[in-house]
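FYI, side chains are in, hydrogens and waters are out, and symmetry mates aren't considered; it's all heavy atoms of this structure.
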Amino acid sequence: MTSIENLTAHLNPPQKKAVETLEGPVLILAGAGSGKTRALTHRMANIIASGLASTDEVLCVTFTNKAAKEMEHRIFKLLEDLNVPVTRELWVNTFHSFCVRVLRQRIDLLDYKKPFTIYDSGDQLALVKRICNAMNINDKMFPPKNFQSRISDAKMKGLTPDDLRAGKGGLKTDPKTLDVYTRYEQEMKRANALDFDDLLLKTYLLFQMYPDVLEMYQNKFRYIMVDEYQDTNHIQYLLVQMLAKSHRNLCVVGDEDQSIYSWRGADISNILDFEKDFPEACIVKLEENYRSTSNIVNAATKVIANNTQRKEKTLFTNNEEGDLIQIREERNEYDEAKFVAKTIQQLISSGEHNLNDYAVFYRTNAQSRVLEEQMRSLALPYRLIGGIRFYERAEVKDVLSYLRLSQNLNDDMALKRIINVPARGIGKTTVDQLEEKAASAQKSLYQTIQDAINDRSFNAGTTGKLRRFLELIDDFTVQQGQFKLSEFYSIVLQKTEYIDVLKKEDTPEAEARISNLEELDNAIAQFESERGDEATLSNYLEELTLASDLDNADTSTNAITLMTIHISKGLEFPYVFIVGCEENLFPSMRGDEEDPDDLEEERRLAYVAMTRARKKLWMTHTKIRRVWGQEQMNPPSRFLKEIPKEFTQFSSGALMPERPRFMSGSSYNEGNYYDSSSPKYRNQNRNQGYDEYSQNSFDDDYSQVTPQVSKGSGYAKGQRVRHPTFGVGSIFSTEGDGDTLKISVLFQDNTIKKFVAKYARLEKV
């Protein structure tokens with residue numbers, strides 16, 4: 001058997017076809033759990049082992065650093081098993097890290113200096129706020145976050161301020177946003193900084209402005225592979241098209257059924273229209289799922305089949321049938337969280353694996369709070385993915401700002417953050433005056449401080465403090481090039497006296513902050529051990545900026561994982577709970593009318609969530625949930641009803657709930673609202689489907705309640721009203737009168753929402 005035959009011996013026929021089709025455009029449609037990473041890594045190893053390209057002539061792009069590292073490790077192992085020497089580096093990167101590698105070499109062509117600083121979203125927002133203040137823009141009427149979002153949207157579409165001004169790209173921008181965007185670009189250039197979106201946009205502009213540079217990379221990368229192609233946005237699409245234009249050896253791997261990032265610019269049409277861009281493309285479908293039980297795969301397949309924006313493929317598995325999907329109804333979000341926590345506790349106690357095997361998914365971050373409370377009450381360790389990241393903590397950002405400023409003296413965001421941290425007597429008034437001078441002179445804050453010292457713009461006391469601050473920073477700029485990163489980090493802590501100040505506070509909070517700085521020291525030591533000679537300050541700051549929530553997640557401890565469904569993509573767990581499966585929450589729909597595209601993306605999100613589970617899956621919903629302080633009754637999610645009953649088992653913990661607050665007095669029929677003796681709830685441990693018990697239960701519940709309407713309230717039962725956010729509904733009940741009058745409205749989507757009439761903005765129809 002040849003080495004190539006060894007490489008493909010354990011692949012199924014579609015995987016083998018994907019690995020052996022090396023020339024020309026290839027589209028690999030990879031269903032959930034179908035072994036796409038295996039196909040991708042084996043294909044890259046085959047290209048190199050066959051002698052078609054050396055290790056640094058194949059570009060493989062994916063979406064997280066974690067995925068890139070895993071793929072690189074697998075490829076190295078495959079080549080080692082094939083006795084193929086690896087003499088050059090592999091180019092397995094995220095889009096952003098690939099662009100950083102390009103810009104690191106060529107940024108000077110765009111009139112930037114080396115090295116440049118990368119601003120995170122916090123730095124970006126701080127700069128936008130500063131610009132709004134300088135331009136006298138009212139931040140209440142025009143929130144800086146809105147400008148930040150519009151600037152990002154323009155960059156993801158490959159549009160500069162000049163492009164917008166010329167009407168290119170069809171993106172309509174108001175004059176104020178255009179002015180802020182223009183000023184923002186000027187300030188970023190002066191700070192020698194790029195934001196996250198710039199990494200892609202500036203690389204695109206570099207290739208566009210310098211065809212010889214583009215040609216060099218086209219010739220270098222004779223084969224290009226793109227993972228998760230359904231998640232590419234427009235600027236990523238343009239970069240891929242540019243690089244693959246000459247040789248057309250482009251292999252993209254993806255699944256349109258898992259396209260869930262339109263809110264951050266992902267364009268599903270990139271994968272749906274691949275054959276239009278490359279009519280000669282070879283299409284390979286990976287449809288066998290190796291991850292989940294048959295019940296989970298079949299249920300998820302039935303749900304996603306309701307979408308129209310998809311290719312023709314059907315996921316299947318040869319795995320065992322497994323347990324039925326457990327659909328659980330609870331009274332409210334607190335009972336729901338108790339059910340999840342206690343179920344996990346009982347399973348762990350009975351020996352069902354360990355805490356790392358359990359994950360709880362939710363649609364919005366706000367849902368994590370009650371889950372965390374219940375985990376803590378039962379002493380169940382958990383990790384929260386997507387909460388406050390380690391590198392977002394104040395003390396960590398402070399010290400990192402010293403490191404950033406020592407490398408780039410024009411980094412105004414870093415300088416402003418630490419000019420008086422720890423406190424050195426440079427107050428807000430002084431900083432505001434410095435910012436005004438910097439804006440007027442079009443100089444950096446560092447240069448402005450130098451000028452202020454030379455011109456004696458401030459009194460002797462303030463001038464002395466500014467001089468000592470600059471001397472400290474100047475000292476750091478020299479030392480950062482003379483010491484190892486870990487040594488320089490210690491020098492910064494020592495000379496700033498940051499830890500000394502915390503020790504003097506002598507509080508539990510200060511101790512926690514010191515522990516975080518110790519952990520940062522550990523992270524730097526780990527970075528040095530992994531990167532060796534490449535463990536430079538520049539590389540470290542770059543890696544931090546490009547890291548995602550998952551990259552920073554600590555998986556070394558045994559704990560339950562809590563995360564949004566969006567973050568869960570690409571992961572898998574033996575046991576998964578999906579909470580909050582209710583209309584208006586999941587799917588999360590806004591406005592009077594359903595947007596079909598939005599609904600299809602929500603259904604793809606449900607498909608992603610379900611297919612993360614390997615062995616067991618629970619999906620929960622509640623009768624009542626508090627949202628923005630209001631108790632709401634939402635019907636069970638339509639996605640639950642799209643699962644055939646033969647794959648599910650329904651149970652309810654909502655047999656005797658507390659009286660909903662909007663149902664008062666004798667009108668509340670406690671025996672009927674959830675009657676545990678009724679057929680609907682009898683024998684619920686039987687192997688029955690969800691539909692049999694609950695498909696119509698929500699409508700039944702309404703019919704069993706007689707709402708009260710206060711006399712003289714000006715509203716009548718059944719009266720139609722319109723709310724500017726939730727649309728048209730009818731009066732369900734009222735309570736109180738005058739300024740305390742509260743109105744419950746039943747909207748067309750079967751939800752009840754309660755408002756204080758005085759502030760409700762209800763319009764009688």
Mind checking whether [X] and [Y] have side chains closer than 4.5 Å, heavy atoms only?
| X | Y | value |
| --- | --- | --- |
| V180 | M135 | yes |
| C60 | V92 | yes |
| Y261 | Q230 | no |

Side chain to side chain donor-acceptor pair (under 3.5 Å) between R383 and N558, worked out: CA-CA 9 Å; R383 67 176 63 88; N558 189 26; over 6 Å; no
Measuring from [X]:[atom1] to [Y]:[atom2], what's the distance to the nearest 0.5 Å?
| X | Y | atom1 | atom2 | value |
| --- | --- | --- | --- | --- |
| Q124 | K145 | CD | NZ | 11.5 Å |
| L371 | Y382 | CG | OH | 9.5 Å |
| S259 | D267 | OG | CG | 8.0 Å |
| I449 | I426 | CD1 | CD1 | 7.0 Å |
| L605 | I565 | CG | CD1 | 4.5 Å |

[Y] backbone acceptor or donor facing [X] side chain under 3.5 Å:
| X | Y | result |
| --- | --- | --- |
| N420 | G427 | no |
| S152 | Q148 | no |
| Y362 | S368 | no |
| Q450 | L470 | no |
| Q367 | T364 | yes |
| T463 | A460 | no |
| Q479 | F488 | no |
| K189 | Y184 | no |
| Y498 | I514 | no |
| D197 | K155 | no |

For the pair [X] and [Y], find out whether any cationic side-chain nitrogen is under 4.0 Å from an anionic carboxylate oxygen.
| X | Y | value |
| --- | --- | --- |
| R531 | E534 | yes |
| D432 | K416 | no |
| K503 | E497 | no |
| K66 | E70 | no |
| E185 | K202 | yes |
| R183 | E187 | yes |
| K157 | D163 | no |
| R264 | D231 | no |

Sole residue of D227, T94, T232 in side chain to side chain contact (heavy atoms under 4.5 Å, CB included) with F63: T232
Pair D179-F147, side-chain contact (heavy atoms from CB on, under 4.5 Å): steps then yes or no: CA-CA 10 Å; D179 289 342; F147 290 122; over 6 Å; no
side-chain contact (heavy atoms from CB on, under 4.5 Å) evaluation trace for T62 with M225: CA-CA 9 Å; T62 186; M225 295 191 290; over 6 Å; no
Within 6.0 Å of NZ in K220, more than 12 heavy atoms from elsewhere: yes
Geometric class of the F207/Y217 ring pair [parallel <30°, tilted 30-60°, perpendicular >60°]: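 Tilted.
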Residues 106-118, side-chain donor-acceptor partners within the protein, below 3.5 Å, at least two apart:
{"from": "K114", "atom 1": "NZ", "to": "Q105", "atom 2": "O", "distance (Å)": "3.0"}
{"from": "T117", "atom 1": "OG1", "to": "N408", "atom 2": "ND2", "distance (Å)": "2.7"}

Sequence-distant partners of D475, salt bridge (Lys or Arg N to Asp or Glu O under 4.0 Å), two or more places apart: K495
Positive for side-chain hydrogen bond (donor to acceptor under 3.5 Å, both in side chains) with Y119, one of D198, D411, D195: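 When D198, D411, D195 are each tested with Y119, the side-chain hydrogen bond (donor to acceptor under 3.5 Å, both in side chains) holds only for D411.
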Those residues that, when tested against Y540, pass ring pair (Phe, Tyr, Trp, His ring centres under 6.0 Å) (two or more places apart):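 Expected list: F527.
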